[in-house]
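When reading the values below, keep in mind they use all heavy atoms of this one structure, side chains included, and skip hydrogens, waters and symmetry mates. Per chain, numbering begins at 1; letters A, B, ... match sequence-line order. Everything quoted here is computed from the prediction, not taken from an experiment.
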Amino acid sequence: MALETLGFLSQETWTGAKRHPLMSIASTVNVGVSLAILAVGALAILNVNRVADHLLEKGQIGVFLKDDADARAVESRLLADERVETSEFVPKSEGLRRMGEMYRLPLEGLLTRNPIPDKMVVTLRRPEQIADVTRAIQGIPGVEKAIYGSVAQDRVVAANKALKWATIIVGVLLVAGTFLIIQSTVRLTVHARRHEIRIMQLVGATNWFVRVPFVLEGVLYGVSGAALAALAVQIAYFWVQDYVQRHLSFMPMVHGSGLFVVMTLALIAAGCAFGAASSLISIQRYLREA
Amino acid sequence: MIKYENVSLQYPNGTRAINNLDLHIGKGEFVFIVGPTGTGKSSLLKMLYREVLPTSGKVVVAGRDVARLPGRQVPLLRRTMGVIFQDYRLLPEKTVAENVAFTLEVLGTSRRTKVRKVRIALELVDLWHKAHCMPEELSGGEQQRICIARALVNSPPLLLADEPTGNLDPSTSLDIVKLLEAINRRGTTVVMATHNQRIVDSMQKRVVALANGTVVRDVARGVYDDGS
């Protein structure tokens, strides 16, 4: 397409958007709000996943030893089980240090006595055998308690599943709403310019030439809305991250500028797709009538 | 240039607009299609630019069978003809020059060529001095001349005029038809549907009279009504 034609079509797009400024702003804000909610849902899922991963490395069992247990004897019993791949001895001092690191607290300085028992971290060859192996380990003399993060992890996984579904359902509703809003706005333009469309066709414009300004108008709403959403979500996320760091410092959060680059690009791509698709639907009826 | 072979047209509501019509129009001709309202004049023209498709028969424009043309070639067909309407169909939010340039925008013409062609077309209809006016600032006759300039700007070999004087006073109507005649002298085929008897009689051109969707009279240098 020639540069001049593109210029002409862009000008037509702008003229279309200016024809009903309030609807154009409403469309943009609506796209922005919908995409922002979707982005918040996605970020929440990412963070819950992160918490789940943090709670338990897959296929690992924590074996807490009694105070008088013989760690070597326990270890040799553990390794005798062929389902066990490795076993790592974590003495109580190391356990305290690791916990302090996880919660970003100077525990060693705060506590007068180390309450953490000696521990063995057992990794299995096949994680799905974790429940059986845990039961078996529980019976080894010297073992106080053998646990895997089943309860906590199951809860987090369940929460994540619910969150995913909520995001999908809310997302579908919002996408449908956004679609309708952009469609109505573009339809206003299409209706206002139906004579133009007719004349375009009569002087030999292809259907694609007729469609382009309307599709660009939809894309304009979509991309502006996506930019608004990206900005708002980014600001809100930084604020939440800062709050969590100050008040719930043990909670790990997904962060990094790469995340926001990906999120912004994804939002803009989604905005583009929403805008273009809903405009195409709006214009199609008029092209058929012609 | 144009051939209708045993063409019939029935609209979805059952109205039969054209009945087994045969008509040939040669290159460079000036033809009046006449007849009272509802005899199928507009339908005859609409089939040429594929606004409507014949129910049966064949419509050929410059060697192309219009009805059998694939959809993607319809724009190419339309670029070979200019269409003038009774209600002008100018774009109210564009200036005179932008209205005329509209055809060229669609074709992706370069800016320099666009400016030159718009000037030539507006000079031909004697409205170059109003290039920057808005359509609403012009009289009916001037608006129709802009419509003609828009139809001509791409130098199409065929010009179709559907009641171009329908909304104009007698003297302006005559000016418009004189303009079309001048355009025809430059080699453009002109087909004009009208029920303006005074104009048809004064021009002494080929007259094709329709009644009930079929040709009832075809005279080389005719008048609107020969009394038969």
Item to check | B/Ser43 and B/Tyr11 side chains, donor-acceptor separation under 3.5 Å | outcome: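 There is such a pair (donor and acceptor under 3.5 Å, judged by atom type) between the side chains of B/Tyr11 and B/Ser43.
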Item to check | Name of the residue among B/Ile18, B/Val60, B/Leu48 meeting side chain to side chain contact (heavy atoms under 4.5 Å, CB included) with B/Tyr4 | outcome: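 Filter result, single survivor: B/Leu48.
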When [options] are compared by non-hydrogen pairs under 4.5 Å with chain A, the top option:
{"options": "B/Asn154, B/Leu107, B/Val106", "value": "B/Val106"}
{"options": "B/Glu93, B/Arg72, B/Lys114", "value": "B/Glu93"}
{"options": "B/Arg50, B/Met81, B/Glu105", "value": "B/Glu105"}

Checklist entry - Looking at B/Glu137 and B/Lys130, does any basic side-chain N land under 4.0 Å from a carboxylate oxygen? => result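 A salt bridge is absent here (no side-chain N lies under 4.0 Å from a carboxylate O).
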Item to check | chain A contact via B/Thr80 - which portion, at a heavy-atom distance below 4.5 Å | outcome: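 Nothing of B/Thr80, per the 4.5 Å heavy-atom cut-off to chain A.
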Item to check | Nearest atoms (heavy-atom pairs only) where B/Met134 meets B/Pro92 | outcome: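 Smallest interatomic distance, heavy atoms only, reads CE-O, 3.5 Å.
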